[in-house]
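So the structure is just underneath, and the comments pick up after that.
Numbered from 1 within each chain, the chains take letters A, B, ... in sequence-line order. Basis for what follows: all heavy atoms, side chains included, without hydrogens, waters or symmetry-related copies. Please read all numbers here as calculations on a predicted model, not as lab measurements.
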2 protein chains.
Amino acid sequence: MADESDYDHLCVCCLRGIMPTIARKWTICIVWELGRRPSMRFKDIMKDCGEISPKSLADVLKELSDTGLIERISYDEVPPRVEYHLTEHGRELREALGPMMKWAKRHNHLYMSYRKPGFARAPDL
Amino acid sequence: MADESDYDHLCVCCLRGIMPTIARKWTICIVWELGRRPSMRFKDIMKDCGEISPKSLADVLKELSDTGLIERISYDEVPPRVEYHLTEHGRELREALGPMMKWAKRHNHLYMSYRKPGFARAPDL
DNA sequence: CCGTATCCAGCGGGATACTG
DNA sequence: CAGTATCCCGCTGGATACGG
């Protein structure tokens with residue numbers, strides 16, 4: 001386990017670059033689910049996310065592609081086939097999110113009561 | 001180091017409760033900075049965050065209080081003095097965010113270029 | 001000092017229909 | 001199948017002024 005003092009030198013300014021992406025409604029969900037498989041198609045990701053609209057998914061995938069967290073591979077077939085997978089950076093990020101996920105799993109029930117239904121900033125899952 | 005397979009059983013639905021709070025513009029910043037000291041006053045947090053408005057800070061502090069991640073102690077003095085500190089849950093959360101912070105520190109420069117100035121969803125720091 | 005009250009602009013995200 | 005093109009609503013967070 002990491003020594004707490006390992007973190008003391010870290011400044012929130014480190015988050016300046018990645019925060020806009022992390023804080024998007026579906027980003028963590030997509031990164032996490034993508035990490036379960038070698039690669040996924042657009043429709044598959046939509047199914048896993050449940051309530052996401054095609055526009056929202058396309059928006060996030062574009063941003064994740066642009067920032068290099070995922071790679072998009074388009075096969076020249078009919079009907080079209082496109083596959084997405086995490087890059088090395090994406091996989092590292094997913095790993096780094098693991099402890100937060102574990103914490104969330106342990107305490108989720110405590111925070112569910114505070115949550116308002118239909119809240120826009122986070123998925124209903 | 002954690003084995004990657006430790007995370008495979010975790011589902012994004014675990015995030016349902018905490019995500020609305022995590023995804024707020026200033027939440028992580030405040031939790032992280034609060035973790036540096038035993039307790040902090042309203043004005044001190046404002047200074048550390050740099051660009052946050054009193055309303056926004058009050059909003060987030062309220063939410064963090066309601067969800068039990070921080071505790072608010074009001075001393076009956078004139079002029080008023082109020083101190084905030086992380087609860088046990090809050091400290092655990094901060095610890096869980098550590099790996100993400102480390103990842104962010106390593107890769108921040110890569111993502112800064114993608115970031116648009118004045119972006120509303122994340123602080124300018 | 002520690003907020004609250006009010007107002008409001010901007011953006012993210014949803015719904016829907018449509019295309020290559 | 002894998003998106004785009006529009007339109008629009010709701011919410012968040014900033015600015016500002018004020019109160020205990």
Nearest whole Å is fine: how far is [N] [atom2] from [X] [atom1]?
X	N	atom1	atom2	answer
B/E63	D/dG13	CD	P	9 Å
A/I30	D/dG3	CD1	C1'	14 Å
A/D124	D/dG10	CG	P	16 Å
A/M46	D/dT4	CE	P	13 Å
A/M40	D/dG3	CE	P	13 Å
A/I70	D/dA2	CD1	C1'	14 Å
B/I45	C/dG3	CD1	C1'	12 Å
A/D59	D/dT6	CG	P	15 Å

Return yes if some donor-acceptor pair links the side-chain N/O of [X] with the main-chain N/O of [Y] below 3.5 Å, else return no.
X	Y	answer
B/T87	B/G68	yes
B/R16	A/D124	yes
B/R94	B/W32	yes
A/S65	A/E71	no

**Request:** Can you run down the salt bridge (Lys or Arg N to Asp or Glu O under 4.0 Å) pairs that involve residues 31-44 of chain A, sequence neighbours left out, and say none if there aren't any?
**Result:** A/E33-A/R36
State whether [X] places a side-chain N or O below 4.0 Å from either non-bridging phosphate oxygen (OP1 or OP2) of [N].
X	N	result
A/Y84	D/dG3	yes
A/R72	D/dG3	yes
B/R81	C/dC2	no
B/R24	D/dG13	yes

**Item:** Nearest to side-chain heavy atoms of B/R41, which nucleotide of C/dC1, D/dA2, C/dG3
**Value:** C/dC1
**Message:** Is a donor from one side chain sitting under 3.5 angstrom from an acceptor on the other, for B/E63 and B/T21?
**Reply:** yes
**Prompt:** Should the pair A/R106-B/E92 be classified as a salt bridge under the 4.0 Å nitrogen-to-oxygen rule?
**Reply:** yes
Give me, pair by pair, the N or O atoms of the protein and of nucleotides 14-18 of chain D that are less than 3.5 Å apart, along with how far apart they are.
from   : atom 1 : to    : atom 2 : distance (Å)
D/dG14 : OP1    : B/K25 : NZ     : 2.8
D/dG14 : OP1    : B/W26 : NE1    : 3.4
D/dG14 : OP2    : B/S56 : OG     : 2.4

